[in-house]
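A short write-up of the structure that comes next.
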Amino acid sequence: MTNESKKYWLIKSEPNVWSWDMQVAVGNKGECWSGVRNYQARNNLRTAKIGDLAFFYHSNEGKEIVGIVEVIKEAYPDPTHQIENSPWVAIDVKAIKPLKKSVSLATIKAEPMLADMVLVNNMRLSVQPVSEEEWRIICAIGMVDL
DNA sequence: GCCAACGTTGGC
DNA sequence: GCCAACGTTGGC
């Protein structure tokens with residue numbers, strides 16, 4: 001695993017369904033990221049590799065990036081959709097660290113350098129790529145070193 | 001709770 | 001293959 005091949009993502013969760021605190025509570029064993037029912041998001045999940053990092057975004061309630069997770073298991077059949085030839089996949093992620101300062105959607109929208117983020121332009125996509133530049137900017141705003 | 005934006009479905 | 005109807009997401 002080299003730094004060059006590492007990709008960055010943003011994954012969304014409604015905190016009343018699966019929150020950052022719950023993600024932290026399961027610790028290093030991580031948790032299965034499942035239930036994605038959107039082809040574009042599914043394709044992104046398939047692309048995610050072990051060691052890739054992702055922002056953990058709270059949708060609906062909070063509307064902010066609260067932490068960083070790492071992919072620890074690559075795409076496998078979604079355990080919440082057990083039918084033959086299910087098109088859906090899941091990955092496993094584990095919490096790495098919280099942002100010292102969470103980065104809200106309003107903050108992202110207000111930052112011109114982040115105007116091209118998928119989060120801003122395709123609000124409904126639940127698993128989305130983040131460019132290295134966007135990653136660095138948000139880490140800086142969130143006062144986290146990664 | 002409302003509704004705009006988007007994705008999916010199904011009739012034709 | 002088009003497009004209207006419907007369902008879902010998610011900000012407000």
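FYI, side chains are in, hydrogens and waters are out, and symmetry mates aren't considered; it's all heavy atoms of this structure. Every chain is numbered from 1 and lettered A, B, ... according to where its sequence line falls, protein lines coming before strand lines.
Counting to the nearest Å, the P atom of B:dT8 and the CG atom of A:Leu125 are 11 Å from each other. Computed from coordinates, the A:Ile11 CD1 to C:dG10 P distance equals 13 Å when rounded to whole Å. Taking atom CG of residue A:Leu105 and atom P of nucleotide C:dG10, one finds them 11 Å apart after rounding to whole Å. Across the protein-nucleic acid pair, A:Gln40 atom CD and C:dT9 atom P stand 15 Å apart, rounded to whole Å. Across the protein-nucleic acid pair, A:Lys12 atom NZ and C:dG11 atom P stand 6 Å apart, rounded to whole Å. If you take CD1 of A:Ile108 and P of C:dG11, they are 10 Å apart, rounded to a whole angstrom. Straight-line distance from the CG atom of A:Leu119 to the P atom of C:dG11: 8 Å, rounded to whole Å. Remark: C1' of C:dG11 and CD of A:Glu61 are 13 Å apart, rounded to the nearest angstrom.
Using a cut-off of 4.0 Å between Lys/Arg side-chain N and Asp/Glu carboxylate O, A:Lys29 and A:Asp92 are scored as not salt-bridged.
Within the 4.0 Å cut-off from OP1 or OP2 of C:dG10, not a single side-chain nitrogen or oxygen of A:Lys63 is found. When the side-chain nitrogen and oxygen atoms of A:Lys109 are compared with OP1 and OP2 of C:dC12, one or more of them lie within a distance under 4.0 Å. OP1 or OP2 of C:dG11 has at least one side-chain nitrogen or oxygen of A:Tyr57 nearer than 4.0 Å.
Between A:Trp20 and A:Phe56, the ring-plane angle classifies as perpendicular under the 30° and 60° cut-offs.
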**Prompt:** What do the steps show when you test A:Trp88 against A:Tyr76 for ring-ring contact (aromatic ring centres under 6.0 Å, His included), and what is the final call?
**Reply:** CA-CA 8 Å; A:Trp88 307 119; A:Tyr76 58 94; over 10 Å; no
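Comparing A:Asn60 and A:Asn38 against DNA chain B, the residue whose closest nucleotide sits nearer the 5' end is A:Asn60.
With A:Asn44 contributing its side chain and A:Val127 its backbone, the two residues share a donor-acceptor pair below 3.5 Å.
On a pure distance criterion of 3.5 Å, a polar donor-acceptor pair joins the side chain of A:Arg124 and the base of C:dT8.
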